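Working notes for the structure below.
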Amino acid sequence: ETGVTQSPTHLIKTRGQQVTLRCSSQSGHNTVSWYQQALGQGPQFIFQYYREEENGRGNFPPRFSGLQFPNYSSELNVNALELDDSALYLCASSPRTSGREQFFGPGTRLTVL
Amino acid sequence: AQSVTQPDIHITVSEGASLELRCNYSYGATPYLFWYVQSPGQGLQLLLKYFSGDTLVQGIKGFEAEFKRSQSSFNLRKPSVHWSDAAEYFCAVGGGYGGSQGNLIFGKGTKLSVKP
């Protein structure tokens, strides 16, 4: 059974650019959630996708957007990057939309210069 | 408001000593409670979870946690710490289905250092 995978591992961008992060969910999981973890902080919920629709959103601006595909994989897009967007971005998959049984990938480290 | 508090930012224990990491939560409904561990530069690994039933739950790597509803606490314990347990530990609370309840709310974490 393959776990949650994310790509790329690391990414360096400059302020104002756009970035796309990718996530493949664990086999059998139809729900994907994205979290932002700033240095020294706990993860913060960005949004969740279920059946290719956004199914809940945290306190993040609209320049954070996402997609979910028919195979349940997902993308996180961030436009107009700001320095404060530098963080570890974690993807988690789960077999249902409840706030439990979430399995995390290794994350993508984004640095904005 | 829903929140998780981990009062200890950094704890140092000697190898072989016992460990207790504190977690307090604020949640309007019956919570689902979790402890995750994160090694440097890595993702989160689930140590244990509480949904209902027995308030003392066993997890991986010899960890256990006790849910105390009256104290809104879910403290993590281990009787004898190993050097490989050095990492950051996150307590999280989740609930319901979908929408804003479909996510996990994390504490800020407790960094554990282990002295030889």
Side-chain angles (χ1 to χ4, degrees), chain A residues 3-7 9-10 21 23-26 29-51 53-60 66 68 87-111, chain B residues 1-10 21 23-25 27-53 57 60 67 74 87-111:
Chain A
V4 178
T5 60
Q6 293 185 243
S7 63
T9 305
H10 296 90
L21 310 182
C23 170
S24 292
S25 61
Q26 186 167 318
H29 289 185
N30 59 16
T31 301
V32 173
S33 302
W34 286 91
Y35 293 81
Q36 181 196 65
Q37 185 178 19
L39 202 61
Q41 301 294 316
Q44 286 200 310
F45 176 68
I46 302 175
F47 43 54
Q48 183 182 84
Y49 275 82
Y50 170 66
R51 291 186 174 178
E53 297 284 336
E54 187 178 289
N55 187 50
R57 188 177 185 93
N59 189 26
F60 281 82
Q68 186 181 33
L88 181 68
Y89 288 85
L90 296 164
C91 169
S93 74
S94 52
R96 57 184 65 83
T97 62
S98 67
R100 54 178 175 168
E101 294 181 315
Q102 294 193 16
F103 299 87
F104 285 81
T108 293
R109 172 72 63 187
L110 173 64
T111 302
Chain B
Q2 302 163 357
S3 65
V4 175
T5 301
Q6 294 181 246
D8 305 304
I9 297 173
H10 190 185
L21 302 182
C23 172
N24 292 97
Y25 67 90
Y27 198 79
T30 301
Y32 302 143
L33 294 159
F34 309 83
W35 276 99
Y36 284 88
V37 61
Q38 186 177 39
S39 297
Q42 301 298 311
L44 300 172
Q45 181 183 22
L46 180 65
L47 284 176
L48 48 77
K49 60 192 177 189
Y50 172 78
F51 293 163
S52 65
V57 293
I60 62 171
F67 171 56
F74 188 57
E88 188 139 26
Y89 292 79
F90 292 94
C91 180
V93 62
Y97 285 81
S100 62
Q101 294 180 307
N103 59 291
L104 298 178
I105 299 165
F106 286 85
K108 292 188 176 182
T110 297
K111 183 176 180 180

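Since we're looking at a predicted model, the values are computed, not measured. So you know, we letter chains A, B, ... as the sequences are listed, proteins then strands, and number each from 1. These values consider heavy atoms only, across backbone and side chains, with no hydrogens, waters or symmetry-generated copies.
- Residue with the most contacts toward chain B among A:Pro43, A:Gly40, A:Pro106: A:Pro43 (heavy-atom pairs, distance under 4.5 Å).
- B:Thr110 places a side-chain N or O within donor-acceptor distance of the main-chain N or O of B:Asp8, the cut-off being under 3.5 Å.
- Interface residue A:Gln37: only side-chain heavy atoms are found under 4.5 Å from chain B.
- The part of B:Gln38 that comes within reach of chain A is its side chain, from C-beta onward, which places non-hydrogen atoms under 4.5 angstrom from that chain.
- Here the side chain of B:Gln2 pairs no donor or acceptor atom with the backbone of B:Ile105 at under 3.5 angstrom.
- Between the side chain of B:Tyr25 and the backbone N or O of B:Val93 there is no donor-acceptor pair closer than 3.5 Å.
- Interface remark: B:Lys49 contributes side-chain atoms only to the contact with chain A (heavy atom separation under 4.5 Å).
- B:Ser3 meets the side-chain contact (heavy atoms from CB on, under 4.5 Å) test with B:Ser26; sequence neighbours excluded.
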